[in-house]
Amino acid sequence: MRKPLVAALFALVIAGAGAAPAVAAPEPAAAVKSAAAVKSAAAVKSTAAVKSTAVVKTSAAPTLRAVNFAGTVSLSNCSGSVIRFPNSADTAPALVLSNGHCLETGFPEPGEVIVNQTSSRTFGLLNSAATRVATLRANKVVYSTMTDTDVTIYQLNTTYAAIKSAYGISALTVQDTHPTAGTAITVASGYWKRLYSCNVDGFAYRLKEGDWTWKDSLRYTSACQTIGGTSGSPVIDNATGKVVAVNNTGNEDGETCTENNPCEVDASGNVTVREGINYAQETYQIPACFTTANVLNLSASGCTLPKP
């Protein structure tokens, strides 16, 4: 997990930071424009005839999107996002995704899975420029765990259609396929109103932190130096705009498998510590556990989330 938010703020002060990210200007990721196809025409004329014109084309690189804050939310101590699944109905109750360790009632214990727990938690909805445009309210925690993954999913008391109509903001869609190493990504923190851009470096077979163990965790390249308060941020694929993971932790001090210092454990039990490297938990497995009306069904075919 990221260190407690108060500790993160204290660290910023001790480090002599001129301005905390909370008040810094938003840093939207720049769109990476593909090179336009190069065309050249050579016309060789003679007195007898006009010879053929040749057009040379080069392949254009995939166009990457400029990721912004639209659809992200701020929590009291974490970040999150309004999410939907590929088959979610517009009239379904909207959902908010954050971390299991951001749950307002405290960290779920190892092996604990919470479903359909009453909640009235509020979230600040941000637009593309990171301006808070509304306060959204949950009516329940649909699902929360820190076993195998680190997620909390809240159900709101409003629908996707109502949010779109009132604020012009669409939910972020959760990708239902496994992310790929090398993918350009952005971690969008609604709490700090800050974007972190890097790439998927690879995947940890097991990530162990304190008493918790997570499976198949996504590892960032070193450019994503996330901090306390970024927990729960959506990890967005820059090419598709879809959520591929939820930001949750990083090794801060080089310690081995302690809180705020996760270690990687491979299939043979070998332990690797990567000081200064941060991680997220994949989300591709979540859509199979929900109906088009966003009703949780942990018994559905293809649903692999831990059960109570």
Side-chain angles (χ1 to χ4, degrees), residues 62 65 67-73 79-100 113-117 119 123 125-126 128 134 136-145 148-180 183 185-186 188 190 200 215-216 218 232-248 280-308:
R65 301 185 178 206
V67 174
N68 57 47
F69 295 95
T72 63
V73 300
S79 299
S81 57
V82 180
I83 58 150
R84 66 183 302 153
F85 307 120
N87 295 322
S88 293
D90 289 343
T91 54
L95 303 174
V96 164
L97 171 68
S98 191
N99 281 148
V113 176
I114 297 165
V115 296
N116 298 324
Q117 174 178 285
S119 175
F123 314 90
L125 177 65
L126 306 185
S128 60
L136 304 176
R137 184 177 296 276
N139 52 31
K140 68 177 175 180
V141 174
V142 179
Y143 184 87
S144 183
T145 192
D148 294 352
T149 186
D150 184 10
V151 299
T152 294
I153 300 172
Y154 292 91
Q155 178 180 289
L156 301 182
N157 61 4
T158 188
T159 65
Y160 299 119
I163 293 172
K164 177 71 172 178
S165 176
Y167 312 110
I169 294 174
S170 299
L172 299 174
T173 299
V174 175
Q175 180 174 297
D176 57 4
T177 56
H178 194 286
T180 304
T183 298
I185 54 174
T186 298
V200 176
K215 296 180 178 179
D216 193 23
L218 185 153
S233 299
V235 180
I236 300 169
D237 182 326
N238 292 358
T240 65
K242 294 181 178 180
V243 176
V244 297
V246 57
N247 178 67
N248 81 308
Q281 299 309 307
E282 297 166 12
T283 50
Y284 74 94
Q285 69 275 40
I286 298 176
C289 304
F290 283 81
T291 69
T292 58
N294 281 351
V295 175
L296 178 69
N297 181 7
L298 293 175
S299 299
S301 175
C303 178
T304 59
L305 288 176
K307 300 173 176 58

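Bear in mind the structure is a predicted one, so any value in this text is a computation, not a measurement.
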Legend entry - pair Y284-D216: side-chain heavy atoms closer than 4.5 Å: yes
Legend entry - Any donor-acceptor pair under 3.5 Å from N157 side chain to N139 backbone: no
Legend entry - Side-chain heavy atoms of N247 within contact of S79, under 4.5 Å: no
Inset, instruction - Using atom types as modelled and distance alone, determine if a side-chain donor or acceptor of D150 lies under 3.5 Å from a backbone N or O of G100. - result: yes
Inset, instruction - Examine distances only and state if a side-chain atom of T159 and a backbone atom of A162 form a donor-acceptor pair shorter than 3.5 Å. - result: yes
Legend entry - Close side-chain approach of F290 and N87, heavy atoms under 4.5 Å: no
Inset, instruction - Taking the side chain as every heavy atom from C-beta outward, state whether S98 and V246 have any pair of such atoms under 4.5 Å apart. - result: no
Inset, instruction - Determine which pairs satisfy ring pair (Phe, Tyr, Trp, His ring centres under 6.0 Å) with at least one residue from residues 151-171, sequence neighbours left out, and list them in order. - result: F123-Y154
Legend entry - NZ/NE/NH1/NH2 to OD/OE distance under 4.0 Å, K242 and D237: no
Legend entry - pair L298-V115: side-chain heavy atoms closer than 4.5 Å: yes
Inset, instruction - Using the side chain to side chain contact (heavy atoms under 4.5 Å, CB included) rule, take I286 and Y143 through it: C-alpha gap first, then chi angles, then the decisive distance, then the call. - result: CA-CA 10 Å; I286 298 176; Y143 184 87; over 6 Å; no
Inset, instruction - Verify the distance criterion only: is there a donor paired with an acceptor across the side chains of Q281 and N248 at less than 3.5 Å? - result: yes
Inset, instruction - For the pair K307 and V113, evaluate side chain to side chain contact (heavy atoms under 4.5 Å, CB included) and give the outcome as yes or no after the intermediate values. - result: CA-CA 6 Å; K307 300 173 176 58; V113 176; 5.9 Å; no
Inset, instruction - Taking the side chain as every heavy atom from C-beta outward, state whether L136 and I163 have any pair of such atoms under 4.5 Å apart. - result: yes
Inset, instruction - Give a yes or no on whether the backbone of T186 and the side-chain of N238 come within a donor-acceptor separation of less than 3.5 Å. - result: yes
Legend entry - salt bridge (charged side-chain N to carboxylate O under 4.0 Å, His left out) contacts in which one or both residues fall within residues 90-99, not counting sequence neighbours: R84-D90
